[in-house]
Q: 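Quick one: this structure, given as structure tokens, is what I'll be asking you about.
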Protein chains: 2
Amino acid sequence: MEEGTLTALGYCGGTEDYSARQWDGREGCEVRQILDRVADKWSLLVIALLDRRGLRFTELKREIDGISQRMLTVTLRQLERDGLISRTVHPVVPPRVDYALTPLGETLHATIQSLVMWTETHQDEIAAARADYDQRAELAPA
Amino acid sequence: MEEGTLTALGYCGGTEDYSARQWDGREGCEVRQILDRVADKWSLLVIALLDRRGLRFTELKREIDGISQRMLTVTLRQLERDGLISRTVHPVVPPRVDYALTPLGETLHATIQSLVMWTETHQDEIAAARADYDQRAELAPA
DNA sequence: CGGCATCCCTGCTGATACTG
DNA sequence: CAGTATCAGCAGGGATGCCG
């Protein structure tokens with residue numbers, strides 16, 4: 001089998017020159033679906049946080065301010081289902097559960113890390129652009 | 001509910017060894033906010049689509065299946081405000097508006113492209129992981 | 001064609017309470 | 001500690017209708 005993609009893939013051509021290719025917009029599209037999951041608000045933070053060492057449920061909850069217990073649980077379950085993180089239950093009295101990146105998860109981690117770093121690097125430019133835009137908006141409606 | 005800290009940065013340390021650093025979890029955090037915007041379901045697709053050549057409103061709408069006119073408009077406005085895309089209005093009879101990446105937007109495009117490619121590359125592994133997880137879930141509840 | 005305003009409803013999300 | 005279950009809210013997002 002070569003690049004014989006079926007119907008619902010993100011791209012519909014060869015393997016290079018992605019830029020010229022068309023997006024499959026179908027909502028059910030596999031790539032779109034995964035992208036939504038992976039680019040999810042909380043998933044992103046969990047993956048970014050889980051670098052090398054595993055973390056306990058509580059540790060994650062503490063690090064990610066603003067996440068509710070429910071959303072953390074849901075997010076972790078999804079990531080586990082997608083094979084991105086592993087869940088290890090230690091049969092001790094105060095229950096202890098560790099979450100860590102799987103090899104697959106680590107490959108994603110790298111990509112996400114670059115996104116995070118991009119954000120860090122350009123936050124000032126964005127802030128400036130916003131200020132600029134907002135100011136212009138105030139002057140325009142005259 | 002009295003968490004109104006003003007220090008709102010993503011990281012709280014130096015500039016290296018991001019992995020060991022702590023996330024600022026504060027919701028108002030600048031980085032968190034931008035990350036949410038940038039990792040947004042629709043923003044991601046728009047940025048990924050806008051490679052080099054600009055696209056018209058309608059073209060974007062056609063490419064991104066499932067997006068409503070409203071969400072496309074909203075998304076484009078946000079991206080414009082953030083200085084990631086430019087909006088060019090051509091004063092012709094059937095109105096024509098082109099959207100294109102700004103230099104800043106292009107830097108983001110590269111990062112997002114790698115995320116998209118990651119998804120493409122690993123979609124099979126994820127699908128497999130899901131099937132595996134689901135099957136296990138059926139056997140477990142005894 | 002492009003885009004804004006309005007209405008409206010779904011479902012995501014957080015808060016709360018209960019178990020192993 | 002690490003969840004699950006339940007409920008209520010509110011914002012995200014769709015549908016429609018009207019302008020430039």
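By convention in this document, chain letters (A, B, ...) are assigned in the order of the sequence lines, proteins followed by strands, and residues within each chain are numbered from 1.
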Q: When the distance from CD of Glu59(A) to P of dC1(D) is rounded to whole Å, what number comes out?
A: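 Those two atoms, CD and P, are 11 Å apart.
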Q: Counting just side-chain N and O atoms, does Tyr99(A) come under 4.0 Å of either OP1 or OP2 of dG3(D)?
A: yes
Q: Considering only dC1(C), dG3(D), dG14(C), which nucleotide approaches the side chain of Arg77(A) most closely?
A: dG3(D)
Q: Do Gln69(B) side-chain and dC1(C) base share a donor-acceptor contact under 3.5 Å?
A: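 No pair found.
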Q: In this structure, how many angstroms lie between the P atom of dC1(D) and the NE2 atom of His90(A), rounded?
A: 15 Å
Q: Quick one: which of dG3(D), dG3(C), dC1(D) gets closest to the side chain of Thr73(B)?
A: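 Selected nucleotide (nearest to the side chain): dG3(C).
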Q: Is it the case that the side chains of Glu125(B) and His122(B) hold a donor-acceptor pair, with the cut-off being a distance below 3.5 Å and no angle test?
A: yes
Q: Over how many whole Å does the gap from Arg96(A) atom CZ to dG3(D) atom C1' extend?
A: 16 Å
Q: Are side-chain heavy atoms of Leu101(B) and Leu84(B) found at a separation under 4.5 Å?
A: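 A side-chain contact under 4.5 Å is absent here.
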Q: Output the rounded distance in Å from CG (Asp36(B)) to P (dA11(D)).
A: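 From Asp36(B) CG to dA11(D) P: 16 Å.
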Q: Do Asp82(A) and Arg130(B) have side chains that get closer than 4.5 Å, going by heavy atoms?
A: yes
Q: Using atom CH2 of Trp42(B) as one end and atom P of dA11(D) as the other, report the distance to the nearest whole Å.
A: 21 Å
Q: Which residue, Ser68(B) or Phe57(A), contacts DNA chain D at a nucleotide closer to its 5' end, judged by nearest heavy atom?
A: Phe57(A)
Q: Quick one: does Thr107(B)'s side chain have a donor or acceptor within less than 3.5 Å of a partner on Leu104(B)'s backbone?
A: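 Confirmed, Thr107(B) side chain pairs with Leu104(B) backbone.
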Q: Grab the CE-P distance between Met71(A) and dT4(D) for me, whole Å please.
A: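 Value for this atom pair: 13 Å.
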Q: Kindly say if Arg70(B) contacts the phosphate of dG12(D), meaning a side-chain N or O under 4.0 Å from OP1 or OP2.
A: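 Result: no.
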